[in-house]
Amino acid sequence: MAIFNLNINGSEHSVDVDSNTPMLWVLRDHIKLVGTKYGCGIAQCGACTVHLGDNAVRSCQLPVSAVGEQKITTIEGLSEHGDHPVQNAWLEIDVPQCGYCQAGQIMSASALLKRNPNPSDEEIESAMNGNICRCGTYTRIKKAIKTAASSENV
Amino acid sequence: MTKLKTHMGRRAFIKNTSLASGGLVLGFSILNSCKSEQAKEMAVREMPKEWFEMNSYLKIGDNGVVTIYTPNPEFGQNIRTSMPMLVAEELDVDWKNVLVEQAPYHADKYGFQFTGGSRGISARWEPLRMAGATARQMLIAAAAETWQVPKEEITAEAGVLQHAATKKSAGYGEMASVAATLTVPEEVQLKEVKDFKLVSRSQKNVDAKSIVTGRPLFGMDIQEEGMLIAMIEHPPAFGLTLKSVDGEAAKAMPGIKDVVTIKSFKDGYEKGGFDTNAFPELVAIVGNSTWEVMQAKKKLKVEWQPITAYSETIAGFGGKQTINIPAGLESTTTHKSQMEALAAKPGKVVRKDGNPEVAFKNATTILERSYSAPFLAHNNMEPLNAFAHVAGEKAKIAAPIQIPSLIIPTIASSLGIPKENIEMDLPRMGGGFGRKAYAHFVVEAALISQKVNAPIKLVYSREDDMTNGIYRPTYHATYRAAFDENKNLTALHVKAGGVPESPLFANRFPAGAIDNYMAEEWTIDSNISIGAFRAPRSNFMAGAEQAFLDEVAETMGKDAIQFRLDLLKRAKENPVGERNDYDADRYAGVLELVREKSAWKENDTTKHRGVSAYFCHNSYAAHVLDLKMENGKPVVEKVVCAIDCGVVVNPDAATNMAEGAITDGIGNAFYGELTFQDGVPQKNNFHQYQMIRMNDAPKEIDVHFVQNEIDPTGMGEPPFPPVFGAVANALYKATGQRHYEQPFVTGNQIVG
């Protein structure tokens, strides 16, 4: 066990955990931020996607010891009032069914739009292919990403 | 005008006076900590000082805010929006003043809280509207009493009561305290469909904001004071059971509290139809955090032993049934040869019309084709989990499950406590698709909590979830068609079976449309646990039947849609037999609608199109699917879909569900497969089990509903089964090859 000081959603958090503990479980079990979801534990489903700096990463494969000073953003911290353009687009298109994968989808989508504000269909598919939606909301996810891309201040 | 006696759901109107002034319906609620974004936003605006309970489904605040308790568990079909819409419609309240809360399990207050079988809306269609209409009538009566005017002269609309002659007006909140004391009316009038103001108009998902902001909603998200995390270790193969465990090394790992064994059923317990459980004896490991328990689990030293064959009587929906569970370690290759052997022998005749033997004997041409599909894992994104806190004779449970009432007796028996001592909350499910109808994991959670004497959350790993499945069975069907010298269809024969259940629906189309018809079935016993998977049995039969009919039409030189319509015309005008379970007009209706909306043309060579239509769960669905091959890989360009499910309560939500069903169907048709080797599931996570991803999803989906005023029928399942046929038929057009064995696409690299 060791103490790790983490910057999560702009706040400092200190946790005493084994250094191999994936950020997914640090977030869920220790910091009680449960918006980041466990789906597979092997970076195949994308439900656990968070931002490390500006990049979308699978938190189930990110050991707490590898984070260091880098800032982590989770779905809870994507925007202060839940009104990030991607979140707004998700509401406008009414994307979710069960909703379990959607935090991960939104974190992948918002990282994509940050580096590529006007992605093509192929670029969207490529960026989102690591996020499984068992309910099959992919057509709405794509539509919502395009809606967010066409809005300002992504 | 629909007039209903309120005694139908009388128990829903029993009021518990101690609850009249707000708070929760039950004292206990795990979900209390999971207040929705909707409630938070409403709180910012205004929350009432006092609540008045009108019946178990709704309470009205002194400021006119209405809380509606939505009775059935939510697993993504959006009934947490559409069910309250039914109440609000008849209550005639402004939708923006409605708060939705999930009702806990409570059979007396909420009836059969069952999410499955596409029955949610149809089963609640009258009772929920009645709950709203009754409260509205009581509010009118309260105004009449207060204002001393005849109640017939009072109008109630959008949360406001008015008496035109005296110009008196009051919000529902002002009359709620009086209304709540009045006698429940003996009879209520429900609105005509044409008078709906809310129902049949798309309303946004009430939970969408909570979902997109990551609020705790799911069973997996539950965090309680003092709660420990538990995981289970189940046998690595079907056909094995627990022999012994050495948990010392695991217990020595950091954060680990205990290693225990549990037995899910008391000896001699008579199981219900949803008590399915291949592994009733398990090892459980309990500790402080999920990661620590996952690490320690690897240190368990468990010995397993073969099961012995047994028979058991199951008290299911359709009465008592004896099933045989064989010993042994089963493999997919053996299943395949067993199925082919039985398919070649006569089966059990379930239906026979005319004289099919003679028709086949006299046939000029016979078309015979066999279809098969593998076991499927449900693979809900949220792995199985449940919270339980058993303290002495009481149990508090929060379980993301589809049928709470059916697991309560098992929990009570296994814990040895009265049923009445179990309180259960119903958190949102991260998918269900039938899997969470089988709630063995809740029994496990309760037993673990009892053993370790602490609140625990049982978490299945993805591997546990995939390898301890209640799978969609593997199926096989052989279809034969007889033609005379003029290529007229003279007979049809279907013989279907599976491991361990038959998928046959003997009385479905095209039964009823063909003079000489025979349906047979067979089964092969298995120790692999199986159960409902979105549109059970239909999800195979539709694909086989609709792919075969496509070949029959081709053999006859007929257009695929017109051929089906001709059969349906026959079934309507001069049906064969009396047990046909479909309405030929409504069936034809979806085919005609999909033909129009897809701009279907006979002998269209510009597209590779497949059509398919099916009836199940009392609804009708038809798809036209366009597909092209790119680098040897099928790409679905567009799917046009037509559905007749009666009145569509929330059209955009229903459209979303149809889009999902289509995508789900394409994914399973292309890739869905679980195989077994010596009882061991050959896939345990998404690196091996290929799921449909965005790049394989249809580029466009266009959903249409038949407009009518028929009471709602099923919606979650009906659009799913016909997808398999549409994919098969379009693949044929694109490749020139017929596809008979699912999955249709194999050997793909899986991208994570």
Side-chain angles (χ1 to χ4, degrees), chain A residues 1 17-18 20-22 24-26 28-30 32-47 74-76 78-79 82 84 86-87 90-91 94-103 106 121-122 124-126 128-142, chain B residues 37 75-78 204-205 207-209 211-218 220-221 223 229 254 289-292 294-295 379-383 428-433 459 461-462 652-653 656-657 659-664 667 685-687 691-695 697-701 750-752:
Chain A
M1 304 283 265
V17 293
D18 182 274
N20 291 323
T21 310
L24 167 65
W25 297 112
V26 172
R28 290 186 59 84
D29 283 356
H30 300 276
K32 313 291 184 199
L33 288 173
V34 294
T36 305
K37 296 294 189 256
Y38 167 62
C40 70
I42 57 167
Q44 290 290 319
C45 79
T74 71
I75 187 72
E76 292 93 341
L78 185 62
S79 61
H84 183 282
V86 172
Q87 289 169 315
W90 246 249
L91 296 177
D94 224 1
V95 173
Q97 287 188 35
C98 88
Y100 194 80
C101 74
Q102 298 295 348
I106 289 169
D121 279 26
E122 292 68 30
I124 293 173
E125 285 174 19
S126 162
M128 300 303 293
N129 229 34
N131 290 77
I132 297 173
C133 173
R134 171 68 178 85
C135 300
T137 64
Y138 297 119
T139 47
R140 285 188 185 229
I141 291 172
K142 196 189 276 183
Chain B
E37 277 296 312
F75 68 4
Q77 75 283 47
N78 205 0
K204 298 275 190 195
N205 185 335
D207 294 318
K209 188 74 185 268
I211 291 168
V212 305
T213 52
R215 298 285 302 157
L217 295 171
F218 300 91
M220 196 66 105
D221 299 341
Q223 309 265 1
I229 299 292
S289 72
T290 317
W291 179 250
E292 286 172 317
M294 280 178 169
Q295 300 317 299
N379 294 340
N380 296 303
M381 292 313 295
E382 179 192 33
R428 188 179 191 87
M429 288 171 269
F433 301 98
V459 175
S461 68
R462 172 57 58 194
D652 188 55
N656 195 349
M657 207 156 35
E659 292 164 358
I662 288 163
T663 305
D664 186 7
N685 206 324
F686 297 130
H687 64 303
M691 307 289 287
I692 190 166
R693 293 170 185 269
M694 190 184 273
N695 64 345
K699 305 303 170 200
E700 189 184 349
I701 301 174
I750 300 175
V751 189

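Bear in mind that the values here come from a model prediction, so they are computed numbers and not experimental data. Residue numbers begin at 1 in each chain, while the letters A, B, ... track the order of the sequences. Both backbone and side-chain heavy atoms feed into the values below; hydrogens, waters and symmetry mates do not.
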Between B:I692, B:N380, B:N78, which has the largest tally of heavy atom pairs under 4.5 Å with chain A? B:I692
Report which part of B:E292 has an atom under 4.5 Å of a heavy atom belonging to chain A: side chain, backbone, both, or neither. side chain
Heaviest contributor of heavy-atom pairs below 4.5 Å to chain B, chosen from A:M128, A:K37, A:Q102, is A:K37
Relative to chain A, which of B:V212, B:I229, B:I662, B:N379 shows the most heavy atom pairs under 4.5 Å? B:V212
What I'd like to find out is whether the side chain of B:M220 reaches to under 4.5 Å of the side chain of B:V459, using heavy atoms alone. yes
Assert top hit (heavy-atom pairs under 4.5 Å, partner chain B, pool A:C40, A:A103, A:C135, A:G46) equals A:C40
Beyond-backbone contact of B:P383 with A:Y100, side-chain heavy atoms, under 4.5 angstrom: yes
So which of B:M657, B:Q77, B:Q295 has the largest heavy-atom pair count under 4.5 angstrom toward chain A? B:M657
What option among A:C133, A:C98, A:S79 has the most heavy-atom pairs under 4.5 Å with chain B? A:C98
Does any heavy atom of chain B fall under 4.5 Å from the side chain of A:N131, the backbone, both, or neither of them? backbone
Salt bridge check: are A:E125 and A:K142 linked by an N-O gap of less than 4.0 Å? yes
Under a 4.5 Å cutoff for heavy-atom pairs, which residue among B:I701, B:N205, B:T290 has the most contacts with chain A? B:T290
Parallel, tilted or perpendicular: which fits the ring planes of A:Y38 and A:W25, with parallel below 30° and perpendicular above 60°? tilted
Among A:T36, A:N20, A:D18, A:V26, who wins on heavy-atom pairs under 4.5 Å with chain B? A:N20
Under 4.5 Å from any heavy atom of chain B, what part of A:L33 do you find: side chain, backbone, both or neither? neither
Among A:I106, A:I42, A:T137, which has the most heavy-atom pairs under 4.5 Å with chain B? A:I42
Assert top hit (heavy-atom pairs under 4.5 Å, partner chain B, pool A:T74, A:T21, A:L78) equals A:T21
Looking at side-chain heavy atoms only, is the closest gap between A:E122 and B:N695 below 4.5 Å? no
